[in-house]
Number of protein chains: 2
Amino acid sequence: MRDEDKPEIRKLPLFRDMTGENFETLTRAAYAQSFPAQLEMIRQGEPADFLHVVMEGTVELFSGWRERETTMAVVRPVSSFILAACIKDAPYLMSARTIEKCRIVMIPAKDLRATFRTDPDFAMSTISELASCYRSVVRHTKSLKLRSSRERVAAYVLCQSRLTGNAASFILPMEKRLLASFLGMTPENFSRAVKSLQSDGVAVDGMRIIITNFEALEAVAGLDALIDGFGISGELNSA
Amino acid sequence: MRDEDKPEIRKLPLFRDMTGENFETLTRAAYAQSFPAQLEMIRQGEPADFLHVVMEGTVELFSGWRERETTMAVVRPVSSFILAACIKDAPYLMSARTIEKCRIVMIPAKDLRATFRTDPDFAMSTISELASCYRSVVRHTKSLKLRSSRERVAAYVLCQSRLTGNAASFILPMEKRLLASFLGMTPENFSRAVKSLQSDGVAVDGMRIIITNFEALEAVAGLDALIDGFGISGELNSA
DNA sequence: CGAGCCATTTGATAAATATCAAGTCGTGCC
DNA sequence: GGCACGACTTGATATTTATCAAATGGCTCG
């Protein structure tokens, strides 16, 4: 693992507060690996041996059942994923594949578990991280159960705008088919939902979204802090 | 709070491993309260001041958005709920109401947070609990996104059967309309889904479910450890 | 530059699910 | 016991969403 990786990882809320010594031990046991695009690096059901940290590239977390598949999250640098499985020493509930070429740091789950047993600050960070992740999934589930696909798209567009400083225009951060799957709909349905939002202040140009009428869009989206989670500190995590 | 409550709470995985002294401190600050049926005891959006523990009765966790409402979980004795909100000192993401008369022990969130800062064993239990809750929601989300409503009902029936020692017959543990909402469908749709499963080995008599053909039902349900979570130790929690 | 590939869009249609409206049934309360 | 209420069911219908099939269009790679 590169020298410049360590300070990046150290900045993560999960690792920020632990002792320097423990951080050193943990990262000494870790190693970095590069993966080409479209590689399935984690298969659901396998034992969780490593906490993964994306340093570069984009990772899709997805799950399959029978012939179906759904995107659970899209992870970007610098964030960790599949923490819960590592902690429980249980099988991964999700698979992971690279969307583009990635560099991933892998921290042995065994060392992780050993560390928060002895480092109270790390234990605290882990608690906080897990609670955030939990709340994040709950919010997403609420969105799935309470909103129609059109409303979910509207809410997503507005949220992205907020993340870009309330920009009226931004580029979608991932392929539409991934986004559609994440939002719980087919690509066709997503496409039509966006189109139907033209009458409510959304224009599209390829990957670019332009909000032409915030008020109208907000009326459709019905943003809610308890679903969309903006403005609540430390709750940006997704896995 | 009653004397006989303490040992019951102490048995929970969350409190099992902490020091006796800390447990005493925590429960001294706590108090029990009785609620009549159909009382909304927690409203989503309010600050999370107390960890709740159901001692008697049944509690529904639900969320609302616009005029819609959905059941997120149903909690029975003896379990805690809304741990994550307490930890993050953040607003509740879900509301809670009593299904029937309840006795609830309420532990101040402030004391909780103070305790796992000083008690490493309690911190460990909290980590484990949160990781389980997280995985539980992820599994439920997978079920919602990957299965049709009919398949969800089939899977639910089989899971309940397993929980009853693979009994061919059991009583539904909650009203059908609650179950329907929890499974992400309308009561009408639930009713029809059950009926349509008659041809796949499910019979109904009021609240009683009778499985007449396990093989056929399993073929529909496609039970999966990574969704239905059976057999994975310590992963029964839901909130 | 051109060919092919793949994501996206669009259209037509089907399936799943929700909604509305009665009607049935059981249960609790007077 | 009988009444009233609410849950559940059933039917008819509307809406939402998915599926299948066929363009379109951008992009990469030779």
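Proteins come first, then strands; the chains are lettered A, B, ... in the order of their sequence lines, and each starts at number 1. None of these values were measured; they are calculated from a predicted model.
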Between dG6(D) (P) and Gln38(B) (CD): distance, integer Å: 11 Å
All salt bridge (Lys or Arg N to Asp or Glu O under 4.0 Å) counterparts of Lys101(B), not counting sequence neighbours: none
Heavy atoms of other groups near Arg43(B) CZ, more than 12 under 6.0 Å: no
Residues Glu56(B) and Arg2(B) bridged, charged N to O under 4.0 Å: yes
Sequence neighbours excluded, every pair satisfying ring-ring contact (aromatic ring centres under 6.0 Å, His included) that has a member inside residues 154-194 of chain B: His140(B)-Phe182(B)
Heavy-atom contact window of chain A on DNA chain C, given 5' to 3' at under 4.0 Å: dA7(C) to dA12(C)
Gap between atoms CG and C1', on Leu179(B) and dC8(D) respectively (whole Å): 13 Å
Nearest-angstrom distance from the residue atom CZ of Phe190(B) to P of dT9(D): 8 Å
Asn189(A) vs Met207(B), nearer the 5' end of DNA chain D by closest nucleotide: Met207(B)
Footprint string (nucleotides 20-26 of chain D, 5' to 3'): B base within contact, S backbone only, - free, heavy atoms under 4.0 Å: B------
Glu4(B), CD atom: more than 12 neighbouring heavy atoms under 6.0 Å: yes
Close approaches to DNA chain D from residues 142-149 of chain A, in residue order (heavy atom, under 4.0 Å): Ser148(A), Ser149(A)
End axis versus end axis in the helix from dC1(C)-dG30(D) to dC30(C)-dG1(D), the angle rounded to 10°, five pairs used at each terminus: 40°
Gap between atoms CE and P, on Met174(B) and dC8(D) respectively (whole Å): 12 Å
Check: Ser63(A) side chain, Leu93(A) main-chain N or O, donor-acceptor pair, under 3.5 Å: yes
Thr141(B) vs Leu144(A), side chain to side chain contact (heavy atoms under 4.5 Å, CB included): CA-CA, chis, key distance, verdict: CA-CA 9 Å; Thr141(B) 306; Leu144(A) 287 171; 3.9 Å; yes
